[in-house]
Amino acid sequence: MGFSYIRTICVVTVQVVTSVTAVPSVSAQQATKDLLAAQIRDQGYSCNKPVSARKDSTRSKPDAAVWILRCENSSYRLRLVPDMAAHVERLK
């Protein structure tokens, strides 16, 4: 086996791993926004068609994750603490 053969195998492996790992992140993002939207709807807030969800790293703590949820009709900041209802703040 020559150097170019091993290099080709490495390049192909990296491309396959990159393409395989990119797909779950898209579905994970979809699942996250859907789960957050369901959570706030259960608490009486309106969230028609969740558009995006992103973690707010500056406000999050190890035991309380903070997420910004954008819905078609409104945006919310959610603080999620295990075994408790989400603290929801409507954003302007």
- Message: My understanding is that only residues two or more places apart in sequence, or in another chain, count here; which of them pass side-chain contact (heavy atoms from CB on, under 4.5 Å) with Glu89?
- Response: Arg77, Leu91
- Contact summary for Leu80 and Leu36, nearest pair of heavy atoms: CD1-CD2, 3.6 Å
- Under 4.5 Å side-chain linkage, directly or through intermediates, the cluster mates of Leu35: none
- Note on the structure: Across all chains, not counting sequence neighbours, the side chain to side chain donor-acceptor pair (under 3.5 Å) partners of Asn73 are Ser46
- Query: For Asp34, what residues pass the side chain to side chain donor-acceptor pair (under 3.5 Å) criterion, not counting sequence neighbours?
  - Reply: Gln30
- Message: Going by salt bridge (Lys or Arg N to Asp or Glu O under 4.0 Å), name the residues that satisfy it together with Arg54, two or more places apart in sequence or in a different chain.
- Response: none
- Message: Per the disulfide (SG to SG under 2.5 Å) rule, what does the pair list look like for residues 57-92, sequence neighbours excluded?
- Response: Cys47-Cys71
- Task: Report yes or no: does Gln43 contribute a side-chain atom to a donor-acceptor pair with the main-chain N or O of Ala86 at less than 3.5 Å?
- Result: yes
- salt bridge (Lys or Arg N to Asp or Glu O under 4.0 Å): pairs with one or both residues in residues 38-53, sequence neighbours excluded: none
- Item | All salt bridge (Lys or Arg N to Asp or Glu O under 4.0 Å) counterparts of Arg90, not counting sequence neighbours | none
- Taking only residues two or more places apart in sequence, or in another chain, which ones meet Thr58 in a side chain to side chain donor-acceptor pair (under 3.5 Å)? Asp56
- In terms of heavy-atom contacts, Leu69 and Lys33 come closest through CD1-O, 3.9 Å
- So the salt bridge (Lys or Arg N to Asp or Glu O under 4.0 Å) pairs with at least one residue in residues 63-74 (sequence neighbours excluded) are none
- Item | Pairs satisfying ring-ring contact (aromatic ring centres under 6.0 Å, His included), at least one member in residues 32-85, at least two apart | Tyr45-Tyr76
